[in-house]
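If you read the sequence from its start, that first residue is 1, and numbering goes on from there. Bear in mind the structure is a predicted one, so any value in this text is a computation, not a measurement.
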Amino acid sequence: FGPDDITVLQTMAGQLANAISNAQLYKSLRWEQYLMQSLMDNVPDYVYFKDRESRFIRNSMSHSELFGVSDPAHLIGKSDFDYLTKEHARRTFADEQQIMATGEPIVDIEVHSTLTDGREKWHLTTKLPLLDKDGEIIGTFGVTKDITERKRAEENARRRATQATLTYEVGQRVSAKLELDELLSEIVTAVRDAFGYSNVALMLVDDEAKHLTLQSVSGAYADLFASDLRLEIGEGMIGNAALTGETQLSGDVSVDRHYVRKTNEATRSELAVPIRSGATSIGVLDLQSEELDAFDEADVMVIETLADQVAVAIENARLYERAQLEIAERRRAEQALAKQARMLDAELEQIFFVASHHLQEPLRMVVSYSQLLEQRHRDRLDESAGELIDYAVGGATRIQALVNDLLAYSRIGTRQRDLEPVDSGAIVDRALSYLKFLVEQSGATVTRDPLPTVMADATQLTQLFQN
């Protein structure tokens, strides 16, 4: 080989070396591309790259599926504003602009997002600045993990704890309160506050067992439902719960044949639980939500437990009410008997008083004349006649003592009487009528001027004038 051949061969060898090197680089690049594509096609977490305007430049298949797009290439040039509500899109945009301005990443933050189709998601997100070969920031990239199920599980756990607490608190209130209206209002409000349902209402069956009447309501429909709202037994889900004694649950009331819309409520799901006393429905605890499928089996179990507690409260309150009525009736009867007893006491007192005063004068005369007979005619009477006179005087004296005791007894009941207006002139006339025999026998004349009305006890004032 000559010099020219050697030169040609050396040139070809160099070109061949470059070709081999390029082939190796291409193979390595294809391999890296393959690995990257495999990752982007199969990773369950969302992987995405964005430019400085927060527009997508590459996305994983999982991220594309989140937005309902079959090919990730269709996301290129789009942004979160195309798939999230404006509120949440603005927040992610602000975060990414902050990352590019500071170069500081966001690591493991929990983000709640709402998609334009209404789905709500919880994500655990890490975002970093995207750099070019010269270290200049040209965008962002991130990895986001869907933690929606975990957050729902946490929310369910919190919800169950709240339900257990509510059940306990209602049980405590049931055992501590007997005022039914106040208790029912507290229970309805507590259920509404604990679970955030659109509306909670409690209705009771009337005495004729033909209608349900609204007792308490809390929530969005409190102003929509009339305070005197009534439903026939069997009307709507509430009426059907009362009729059958069975829980009525509808995840979509628009397709439920029992649902009846009473006003302009926006109810989408409803749970109506009968309140039973034994085998009899005495009311219904009704929950309504503006979300579809808002109630699950755990909700049903808790509300049925609450309904049982409410039934106990209602029965206790009704027993208490009946007891109060019986006590009031007994008091009225006792007061009537006491009034009758006071009237009888007053009549007996008057009888004792009049009788004692009417007996006083004849007895006084018997004693006086017997003693006068003994003094004037003792020398004419034999010993047996004197003994008879002594017997007569002694008997009359004993009767007089008994009469005095009877008079004293009649005065006992008058000592604590309340004073009242009394015509003193009429009282004097009454006393004179009691002393008529004595006045006539003595030949006395009794006169009186007009007398005023005074605050006194009529019986005691009569005794005063008579004495």
Side-chain angles (χ1 to χ4, degrees), residues 163 166-192 195 197 199-219 221 225-250 253 256-260 262 267 269-288 295 297-329:
Q163 290 173 337
L166 176 64
T167 302
Y168 172 77
E169 290 179 351
V170 170
Q172 294 295 103
R173 295 178 186 181
V174 166
S175 61
K177 284 197 172 183
L178 293 173
E179 294 297 333
L180 186 59
D181 292 342
E182 181 180 353
L183 176 62
L184 296 183
S185 178
E186 286 187 8
I187 291 174
V188 166
T189 301
V191 174
R192 168 72 176 82
F195 305 122
Y197 299 131
N199 196 73
V200 180
L202 194 149
M203 305 186 76
L204 294 182
V205 177
D206 61 15
D207 294 336
E208 297 178 356
K210 293 183 179 180
H211 295 88
L212 287 152
T213 58
L214 182 64
Q215 302 297 310
S216 183
V217 59
S218 176
Y221 308 149
F225 291 163
S227 59
D228 57 351
L229 176 65
R230 292 179 48 161
L231 294 175
E232 292 186 3
I233 300 298
E235 179 184 358
M237 292 183 62
I238 297 175
N240 200 48
L243 177 65
T244 63
E246 298 178 354
T247 296
Q248 305 294 306
L249 173 62
S250 177
V253 297
D256 193 297
R257 64 187 179 87
H258 293 299
Y259 178 73
V260 174
K262 299 301 292 183
T267 302
S269 55
E270 183 174 8
L271 172 62
V273 178
I275 301 170
R276 293 186 296 267
S277 176
T280 303
S281 295
I282 60 175
V284 175
L285 182 58
D286 182 71
L287 285 66
Q288 299 182 28
F295 310 105
E297 292 182 1
D299 293 318
V300 173
M301 181 181 67
V302 169
I303 300 305
E304 286 180 343
T305 300
L306 290 177
D308 290 340
Q309 292 178 326
V310 172
V312 173
I314 293 172
E315 289 303 306
N316 288 343
R318 287 176 173 174
L319 286 173
Y320 174 75
E321 184 178 353
R322 285 196 291 269
Q324 291 298 102
L325 290 174
E326 290 177 0
I327 291 173
E329 184 63 29

What pairs of donor and acceptor atoms, side-chain ones from residues 229-236 against any protein atom, are under 3.5 angstrom apart with sequence neighbours left out?
| unit_1 | atom_1 | unit_2 | atom_2 | d |
| --- | --- | --- | --- | --- |
| R230 | NH2 | H211 | ND1 | 2.7 |
| R230 | NH2 | H211 | NE2 | 3.3 |
| E235 | OE1 | E232 | N | 3.0 |
| E235 | OE2 | K262 | NZ | 3.1 |

Which pairs would a plain distance check flag for residues 321-329, meaning a side-chain donor or acceptor within less than 3.5 Å of a matching protein atom at least two apart in sequence or in another chain?
| unit_1 | atom_1 | unit_2 | atom_2 | d |
| --- | --- | --- | --- | --- |
| E329 | OE1 | R332 | NE | 3.4 |
| E329 | OE1 | R332 | NH2 | 2.5 |

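Listed by chain and residue number, Q288 satisfy the side chain to side chain donor-acceptor pair (under 3.5 Å) test with D286 (two or more places apart in sequence, or in another chain). With sequence neighbours excluded, no residue satisfies side-chain contact (heavy atoms from CB on, under 4.5 Å) with D308. Every residue was checked against the ring pair (Phe, Tyr, Trp, His ring centres under 6.0 Å) condition with Y259, not counting sequence neighbours, and none meets it. Every residue two or more places apart in sequence or in another chain that forms a side-chain contact (heavy atoms from CB on, under 4.5 Å) with Q215 is listed here: D181, L184, L202, L204, T213. Taking the side-chain contact (heavy atoms from CB on, under 4.5 Å) definition, one finds that L249 meets it with L271, F295, V300, sequence neighbours left out. Partners of T280 by side chain to side chain donor-acceptor pair (under 3.5 Å), not counting sequence neighbours: none found. Under the side chain to side chain donor-acceptor pair (under 3.5 Å) criterion, D256 pairs with S250, not counting sequence neighbours. The side chain to side chain donor-acceptor pair (under 3.5 Å) search around E297 returns none, not counting sequence neighbours.
Heavy-atom minimum distance, L214 versus A226: CD2-O, 3.5 Å. Shortest non-hydrogen contact noted between V273 and A307 is CG1-CB, 3.7 Å. What you find for A272 and M237 is that their closest heavy atoms are CB-O, 3.8 Å. Counting all heavy atoms, side chain and backbone alike, L285 lies closest to V200 at CD1-CG1, 4.2 Å. Closest non-hydrogen pair, E270 versus T267, comes out as CB-CG2, 4.4 Å. Taking each heavy atom of A241 and P274 in turn, the nearest pair found is O-CB, 3.6 Å.
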Carefully, step by step, assess V188 and V217 under the rule side chain to side chain contact (heavy atoms under 4.5 Å, CB included).
CA-CA 7 Å; V188 166; V217 59; 5.5 Å; no
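Note that CG of L243 and OG of S281 are 8.0 Å apart. Values are rounded to the nearest 0.5 Å. Separating the CD atom in E186 from the OG atom in S216 is a distance of 10.0 Å, to the nearest 0.5 Å. Summarising the geometry, atom CD1 belonging to I314 is positioned 12.0 Å from atom CD belonging to Q309; distances are rounded to the nearest 0.5 Å. The line from OG of S269 to OH of Y197 is 9.5 Å long, rounded to the nearest 0.5 Å.
In this structure a side-chain-to-backbone donor-acceptor pair under 3.5 Å is present from D206 to K210. A donor-acceptor contact shorter than 3.5 Å is absent between the side chain of R276 and the backbone of A311.
Looking only at side-chain heavy atoms (C-beta outward), L212 and I238 come within less than 4.5 Å of each other. A heavy-atom distance below 4.5 Å is found between the side chains of I187 and V310.
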